[in-house]
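As C-alpha cells, the structure follows; a few thoughts come after it.
All values below were derived from every heavy atom in this structure, side-chain atoms included, with hydrogens, water molecules and symmetry-related copies excluded. Below, chains carry the letters A, B, ... as their sequence lines are ordered, and counting in each starts from 1.
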Number of protein chains: 2
Amino acid sequence: MSKAITRTYSRYNRDATALLGALIREARNERKLTAQEVADRAGISRGLLQRIEKGNLKCEIGAVFEVATIVGIKLFDADDTTLTKYLHQTREKLTLLPKSVRKKSKAVHDDF
Amino acid sequence: MSKAITRTYSRYNRDATALLGALIREARNERKLTAQEVADRAGISRGLLQRIEKGNLKCEIGAVFEVATIVGIKLFDADDTTLTKYLHQTREKLTLLPKSVRKKSKAVHDDF
DNA sequence: CATATTTGATCCGTATATAGATCATATAAC
DNA sequence: GTTATATGATCTATATACGGATCAAATATG
C-alpha cells in the first residue's frame with residue numbers, strides 16, 4: 001500500500017526536460033557513443049541514462065548535468081571561467097541581500 | 001552495512017548546480033516570496049527547496065526546474081546559454097519527438 | 001545469409017531522497 | 001523593547017529512484 005505522491009509539473013518544465021534529454025541523445029549519437037559508454041563515464045547505469053534521454057523528471061539533476069557535459073552539451077555558458085565568475089558574483093551579491101523576506105500581506109501574482 | 005554509493009561529479013557540474021540554486025534564491029528574494037510559498041506552489045517541501053537553493057546535486061531535476069520557473073528563471077530562453085543554440089538548431093527535429101535511432105515495434109508506454 | 005552489438009523494456013532488492021515535524025535562531029514588523 | 005514570521009538545521013518514516021540483471025527486438029557487421 002502506498003499513498004503514491006503524484007507530483008505535478010508544468011508543461012514548460014516537461015518540455016524543457018524532454019528537450020534536454022533529446023539533445024543528450026542526439027549529441028551521443030553524433031559522437032558515436034553507446035549508451036553503455038556514456039553511462040560508464042558518468043558513473044550511472046544504462047537504465048538511468050535511458051530515463052534521462054526520455055526526459056524523465058524524477059532523475060537526479062547531478063546525473064543529468066553530468067551526462068550532458070559528457071556528450072558535449074554546455075549548460076549555461078561556453079566556457080567554465082565565465083560560469084565560475086558569474087557564480088562568485090552572484091554569491092557576493094547575495095550576501096548584500098536580506099536573508100529573509102517578509103510579506104506585507106499583499107497578493108502575489110505570477111507572470112508566466 | 002549497505003555499500004554507500006558515492007557518485008562523482010565534475011567541477012563544472014557542481015558549479016552549474018550551485019549557480020542555478022543561487023539564482024533561484026536570488027530571484028525568490030527579489031520577488032519577496034517566502035520559501036514556504038515557493039515550496040507550496042511547486043508542490044514540494046520547504047526542506048527540498050532549501051537543498052535546491054544550496055545546489056544539492058541529488059534533487060529531482062523536475063523539482064529544480066519547477067522551482068526555477070516559479071521564481072521567474074527561464075531555463076533555455078536566456079540569450080547567454082549555449083543550450084539555446086541547440087534548441088534553435090534542432091527545433092525542427094525535436095518536434096518529431098520522440099526520435100530514436102531504432103524503431104519502436106510496440107506501443108509507446110509512457111507513465112509520466 | 002549468420003553473428004555480434006546495441007537498444008528497449010521489464011522486474012527486483014536496496015540505498016536514499018523526500019515529506020513532515022520539531023526546534024533554535026534570525027529577521028521583520030510593531 | 002515585544003511580538004510575529006522566516007529561515008536553518010536536524011530527525012524519522014516512507015515512498016521511490018537507483019543499480020543490476022534479464023530478455024527480446026532492432027541494428028550493425030561480416
In whole angstroms, how far is the P atom of D/dT5 from the CG atom of B/L33? 18 Å

Rounded to the nearest 0.5 Å, what separates atom OH in A/Y12 from atom CG in A/L19? 9.5 Å

Starting at atom NZ of B/K54, determine the distance to atom P of D/dT7, rounded to an integer number of angstrom. 15 Å

According to a strict under-4.0 Å criterion, is B/R28 in side-chain N/O contact with OP1 or OP2 of D/dT7? yes

What residues form a salt bridge (Lys or Arg N to Asp or Glu O under 4.0 Å) with A/E60, not counting sequence neighbours? B/R7

B/Q50 CD to D/dA9 P, in whole Å, measures 7 Å

Between A/K32 (NZ) and C/dT7 (C1'), how many Å, whole number? 16 Å

Spacing of A/L49 atom CG relative to C/dT6 atom P, expressed in whole Å: 14 Å

So, using side chain to side chain contact (heavy atoms under 4.5 Å, CB included) as the criterion, who are the partners of A/R46 when residues are at least two apart? A/A35, A/Q36, A/Q50

If you take any heavy atom closer than 4.0 Å to DNA chain C, which residues from residues 34-47 of chain A end up in contact? A/T34, A/A35, A/R46

Supply the atom-to-atom distance A/L33 CG to A/D40 CG, rounded to the nearest 0.5 angstrom. 11.5 Å

By nearest-heavy-atom nucleotide on DNA chain D, the more 5' of B/E53 and A/L48 is B/E53

Can you tell me how far C1' of D/dA9 sits from CG of B/N56, to the nearest Å? 14 Å

Give the nucleotide from the list C/dA19, D/dG8, D/dG19 with an atom nearest to the side chain of B/R7. D/dG19

If you round to the nearest 0.5 Å, how far is CG of A/N13 from OG1 of B/T69? 5.5 Å

Pick base, sugar-phosphate or nothing for A/E60, based on heavy-atom distances below 4.0 Å to the nucleic acid. sugar-phosphate

What is the distance from CZ of A/R25 to C1' of C/dT6, rounded to the nearest Å? 10 Å

Atom pair distance, as rounded to whole Å: NZ in A/K58 and P in D/dA15: 13 Å

Value rounded to 0.5 Å, distance of CD1 in A/I52 from OG1 in A/T17: 11.0 Å

Partner set under side chain to side chain donor-acceptor pair (under 3.5 Å) for B/E53, not counting sequence neighbours: B/R25, B/R28

